[in-house]
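In what follows, a single structure is set out as structure tokens and then discussed.
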Amino acid sequence: MTREDIIRELEVKGFNAEMKDTVKNGVICKGILVHDEKDVNPLIYTEQMIQEAEKRKKTLEEVVDEFIKVYENSKDCMKMEIQNLMNRDWAMKHLSIAIQKSSDENLVKYDLDNFTGMEAYLLLIENGKEDESYSMKIETCHLKQWNISEEEAWKIAYNHVCENTYIAGVSQILNGLLGVSMENEEDDMMYVISSSDKMKGASAILNEKALKEFAQKKGVARLYVLPSSVHEMIIIPDNGEFDLSVLSEIVSEVNNTEVKPEEQLPSRAYLLEF
């Protein structure tokens, strides 16, 4: 079963569909774009859908029906309409920063000196229904449309990142997930740093003030940083018990076994000094 098969069946059902690929964090993601009267149409990624169908031996008709359901739900949830994108005030409210592997994408971005192999870029992000979120990477043409300088855009986006920074110990997270009270949360060795909504939250690592305050609270001058995904990072106070090369091996192993390719950051750990 291929994308072409799905498109042919969609056309039989009266849909105007085409293949569309996008690049996410250096990974080509294959999907199908359905055109209708909407200003902005959702791109539905099909690789996982096809793999799941082959695994479960679903028919083409079943897959197409599933695709249509996803498409209809996406249309209902999608809020990033043209009128919003044309609205400067709306755009400034939703402007943020994300982190990905260094790339050749034509974005408003810069390389991260403290994190070799990574870059920060501007994006618009909005939370949708049922914890769904939508985002759009920013190019220079968008800033011109909103009549805003790169300097001002980065400042606004950085303030949003800092306002939403979230740091929590593993025990605290488990407590929230399992509803079990964990003792000695202050003694956690590993902490998650992300945004409050956990979407593209790895950029919280750019919040220098929060990191310095965290290091001071833990009584250390250095923090290990493990880039677990584009959504979050792990920080570990350097108390002399860890080795950078060993932590890098852990990151590499997790990337190889647990993290989607399009959500991976470099397979290594980093060390920040304050």
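- No more than 12 heavy-atom neighbours from other residues, nucleotides or ligands sit within 6.0 angstrom of CD on Glu151.
- The number of heavy-atom neighbours closer than 6.0 Å to CD1 of Ile28, taken from other residues, nucleotides and ligands shown, is 12 or below.
- For the side-chain hydrogen bond (donor to acceptor under 3.5 Å, both in side chains) test, residues two or more places apart in sequence or in another chain that qualify with Glu263 are His231.
- With respect to Gln100, the side chain to side chain donor-acceptor pair (under 3.5 Å) criterion is satisfied by exactly one of Gln264, Lys200, Lys137: Lys137.
- Not counting sequence neighbours, the partners of Arg3 by the salt bridge (Lys or Arg N to Asp or Glu O under 4.0 Å) test are Asp21.
- Judged purely by atom type and a 3.5 angstrom limit, Lys218 has no side-chain atom pairing as donor or acceptor with the backbone of Leu223.
- Judged as a ring-ring contact (aromatic ring centres under 6.0 Å, His included), and not counting sequence neighbours, the contacts of Tyr110 are Trp154.
- Counting only heavy atoms from C-beta outward, the side chains of Ser228 and Val254 never approach each other to under 4.5 Å.
- For Glu152, the side chain to side chain contact (heavy atoms under 4.5 Å, CB included) partners two or more places apart in sequence, or in a different chain, are Arg88, Ile148, Ser149, Ile156.
- Within 6.0 Å of atom NZ in Lys20, 12 or fewer heavy atoms from other residues, nucleotides or ligands are found, so the atom counts as exposed in its surroundings.
- Under the rule for a salt bridge (Lys or Arg N to Asp or Glu O under 4.0 Å), Lys55 has no partner lying at least two apart in sequence or in another chain.
- Lys209 and Glu213 are joined by a salt bridge, as a carboxylate oxygen and a charged side-chain nitrogen come within less than 4.0 angstrom of each other.
- Phe115 is linked by a ring-ring contact (aromatic ring centres under 6.0 Å, His included) to Tyr270, counting only residues two or more places apart in sequence or in another chain.
- In Asn256, the CG atom is crowded: over 12 heavy atoms of neighbouring residues, nucleotides or ligands sit closer than 6.0 Å.
- Salt bridge annotation for Glu61-Lys13: present, with a cationic side-chain nitrogen under 4.0 angstrom from a carboxylate oxygen.
- A salt bridge is absent between Glu62 and Arg56: the closest approach of a Lys/Arg side-chain nitrogen to an acidic carboxylate oxygen does not fall below 4.0 angstrom.
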Passes side-chain contact (heavy atoms from CB on, under 4.5 Å), Met1 versus Lys58? Steps please. CA-CA 10 Å; Met1 188 183 302; Lys58 293 182 180 180; 5.7 Å; no

